[in-house]
Amino acid sequence: MSKTPNVVIAGGGICGLALALNLHRRGIACRVYERAPEIKPLGVGITLLPHAMRELTALGLRDELVAVGIENRESAFFNRFGQLIYKEPRGRYAGYDVPEIGIHRGRLHVILADAVRSRLGAEAVVTDCECTGVTQNEDGVTVNFRQTTTGQTLDSVHGDIVVACDGVNSAIRKQYYPDDKLAFAGINSWRGVTRHKPILGGRTYMRVGSIRTGKIVIYPIIDNFDDEGNQLINWMADIERDTFVRNDWNQPGKLEDFLPVYQDWKFDWLDVAQMIRDAHQILEYPMVDKDPIETWTFDRVTLAGDAAHPMYPRGSNGAAQSLIDARTLADTLVAHQDMKQALKAYEAVRAKAAAAVVRTNRQSPPDFINTTVERLVGDKPFDKLDDYITQDELRQLSENYKQVAGFTLADVVPARGG
């Protein structure tokens with residue numbers, strides 16, 4: 001590239017911070033503008049799949065993440081009667097070079113922010129600064145901001161290019177897609193964290209039930225949480241209903257809205273209802289995404305992460321796709337002499353691939369295994385599952401999802417660049 005660009009990153013979530021680290025590795029100047037007044041360890045859990053850990057390992061963060069998270073050994077699928085349907089090894093236990101990690105999302109966020117400030121300088125992340133829109137010409141892009149806490153208009157910022165990492169409700173995406181809307185299909189979610197003794201050995205990612213009759217995903221995110229051998233367990237309950245009343249965003253959840261579905265889920269390995277009742281925190285969310293778009297780039301402006309491809313939180317893939325966006329964009333900026341061509345090259349690599357994951361998360365996510373068995377068996381306990389579907393057939397369903405999402409064993413080779 002004839003000129004090293006100055007990149008304005010709107011949004012300091014996982015994608016925006018990872019992009020800053022990738023750009024810094026390649027000698028490209030940037031600054032992150034984040035709407036939150038400060039970056040704090042908030043939220044619940046997240047799973048870093050092997051392709052996500054590949055990207056974070058390339059950024060030098062692997063050991064720090066392993067130290068504060070929990071490495072998954074296996075993924076297990078159960079029906080709503082607590083019967084095992086299928087399980088498989090995960091991460092390094094499945095032959096990958098990198099682990100699969102369950103971690104508190106807030107811890108991941110802080111680790112990324114600390115790394116940006118340490119490597120780029122304390123001024124590299126500007127908080128309490130919400131992007132409201134952009135204007136551009138041949139000289140660059142002007143980004144407008146307001147202070148999140150007061151609503152006061154702030155000084156505009158000029159850059160050579162702007163990357164919208166401002167999430168599912170991106171103001172920049174809305175500027176180019178004014179009729180853009182969230183897609184909601186009647187599935188609501190409740191997420192919580194509970195202090196609990198290790199479940200199934202304390203290294204298992206569990207999917208239980210189906211969205212048709214109630215589903216819950218369960219996995220540990222902090223080990224020895226209280227010096228008494230308990231873990232902090234992350235769980236996410238998803239229920240599909242005929243009503244199209246949508247949950248609010250990130251608001252306290254009410255037990256009476258969803259606990260009755262799980263009231264009788266008492267297995268010899270877990271009392272699901274009690275785990276829910278014992279939660280330290282419950283938040284409600286709607287399960288939403290947006291229809292894929294082909295165009296992410298508008299001259300000097302491009303989209304990344306949830307601003308580009310918001311997807312259902314199924315399959316633990318949102319963060320991984322955002323991290324791949326960040327590395328790919330940094331690579332294309334290095335590879336192309338013209339900045340606009342670099343942004344279009346990034347779009348060409350990522351838009352179609354991300355769209356495939358969005359559609360797969362809608363139609364056949366990993367818990368498609370659960371819904372398939374429920375349909376074949378008739379939503380009742382089974383005596384011999386092989387009479388309905390074989391383990392090889394279930395394994396193929398799992399592999400199909402990995403192939404679309406890009407984390408088969410053959411896919412996850414070390415990330416390059418920088």
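- No salt bridge links Arg212 with Asp379; every basic N to acidic carboxylate O contact stays at or beyond 4.0 Å.
- Summarising the local packing, CG of Asp387 is surrounded by more than 12 heavy atoms from other residues, nucleotides or ligands at distances under 6.0 Å.
- The ring-ring contact (aromatic ring centres under 6.0 Å, His included) pairs that include a residue from residues 378-401 number zero, where partners must be two or more places apart or lie in different chains.
- A side-chain donor-acceptor contact under 3.5 Å links Ser322 to the backbone of Gly318.
- Residues Ile103 and Ile70 fail the side-chain proximity criterion, which asks for heavy atoms closer than 4.5 Å.
- Annotation for Val98 and Arg54: closest pair CG2-N, 4.2 Å, computed over non-hydrogen atoms.
- For the salt bridge (Lys or Arg N to Asp or Glu O under 4.0 Å) test, residues two or more places apart in sequence or in another chain that qualify with Glu399 are Lys402.
- Shown here are the side chain to side chain contact (heavy atoms under 4.5 Å, CB included) partners of Ala52, two or more places apart in sequence or in another chain: Leu48, Ala320, Leu323.
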From CA spacing to verdict: side chain to side chain donor-acceptor pair (under 3.5 Å), Gln147, Thr150: CA-CA 6 Å; Gln147 190 173 33; Thr150 66; 2.8 Å; yes

Glu74/Thr204 under side chain to side chain donor-acceptor pair (under 3.5 Å): CA gap, chis, key distance, verdict: CA-CA 5 Å; Glu74 64 180 5; Thr204 301; 2.8 Å; yes

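- For the atom pair OG of Ser398 and CD1 of Ile369, the computed distance is 5.0 Å after rounding to the nearest 0.5 Å.
- With hydrogens and angles disregarded, no donor-acceptor distance shorter than 3.5 Å links the side chain of Glu228 to the backbone of Asn230.
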Criterion ring pair (Phe, Tyr, Trp, His ring centres under 6.0 Å) on Phe78 and Trp269, from CA distance to verdict: CA-CA 11 Å; Phe78 299 86; Trp269 52 274; 4.3 Å; yes

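- With salt bridges taken as basic N to acidic carboxylate O contacts below 4.0 Å, none links Asp278 and Arg195.
- When the salt bridge (Lys or Arg N to Asp or Glu O under 4.0 Å) test is applied to Arg31, no partner is found at least two apart in sequence or on another chain.
- Using modelled atom types, no side-chain atom of Asn247 and backbone atom of Pro286 make a donor-acceptor pair closer than 3.5 Å.
- The number of heavy-atom neighbours closer than 6.0 Å to NZ of Lys87, taken from other residues, nucleotides and ligands shown, is 12 or below.
- In terms of modelled atom types and a separation under 3.5 Å, the side chain of Asn22 and the main chain of Leu59 share no donor-acceptor contact.
- You'll find the side chain of Leu333 reaches within 4.5 Å of the side chain of Leu343, heavy atoms only.
- Among residues at least two apart or in separate chains, salt bridge (charged side-chain N to carboxylate O under 4.0 Å, His left out) pairs with a member in residues 353-373 are Lys215-Asp367, Asp289-Arg362, Asp291-Arg362, Arg314-Asp367.
- For the pair Asp411 (side chain) and Thr408 (backbone), a donor-acceptor distance under 3.5 Å is present.
- In this pair, Phe258 and Trp190 present their aromatic rings parallel. The plane angle is below 30°, not in the 30 to 60° band.
- For Lys380, the NZ atom sits in a packed shell: over 12 heavy atoms of surrounding residues, nucleotides or ligands are nearer than 6.0 Å.
- Within the structure, salt bridge (charged side-chain N to carboxylate O under 4.0 Å, His left out) pairs that include any residue of residues 254-272 do not occur (at least two apart or interchain).
- Without hydrogens or angle criteria, Glu347 side chain to Trp296 main chain gives a donor-acceptor distance under 3.5 Å.
- Each ring-ring contact (aromatic ring centres under 6.0 Å, His included) pair with one or both residues in residues 46-74, not counting sequence neighbours, appears once here: His51-Phe407.
- For the pair Val261 and Thr213, the tightest heavy-atom approach, listed with the atom from each and the gap, is CG1-O, 3.5 Å.
- Panel note: side chain Arg73, backbone Arg90; no donor-acceptor pair is recorded below 3.5 Å.
- Sorted by first and then second residue, the ring-ring contact (aromatic ring centres under 6.0 Å, His included) pairs with a member in residues 14-47 read Tyr33-Phe145; sequence neighbours excluded.
- Listed by first and then second residue, the side-chain hydrogen bond (donor to acceptor under 3.5 Å, both in side chains) pairs involving residues 58-72 are Glu71-Arg92, Asn72-Glu100 (not counting sequence neighbours).
- Not one N or O on the side chain of Asn370 forms a donor-acceptor pair closer than 3.5 Å with the backbone of Ser210.
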Stepwise side-chain contact (heavy atoms from CB on, under 4.5 Å) test for His309 and Val357: CA-CA 9 Å; His309 48 71; Val357 181; over 6 Å; no

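- In this structure a side-chain-to-backbone donor-acceptor pair under 3.5 Å is present from Gln136 to Arg300.
- The main-chain N or O of Gly209 is never found under 3.5 Å from a side-chain atom of Glu374 such that the two would form a donor-acceptor pair.
- Put simply, CE on Met287 and CG on Asn361 are 9.0 Å apart, with the number rounded to the nearest 0.5 Å.
- Note that CG of Asp383 and CD of Gln83 are 8.0 Å apart. Values are rounded to the nearest 0.5 Å.
- Legend: residues meeting salt bridge (Lys or Arg N to Asp or Glu O under 4.0 Å) with Asp166, ordered by chain and number and at least two apart, are absent.
- Shown here are the salt bridge (Lys or Arg N to Asp or Glu O under 4.0 Å) partners of Asp223, two or more places apart in sequence or in another chain: Arg203.
- Sorted by first then second residue, the salt bridge (charged side-chain N to carboxylate O under 4.0 Å, His left out) pairs that include residues 144-153, not counting sequence neighbours, are Glu130-Arg146.
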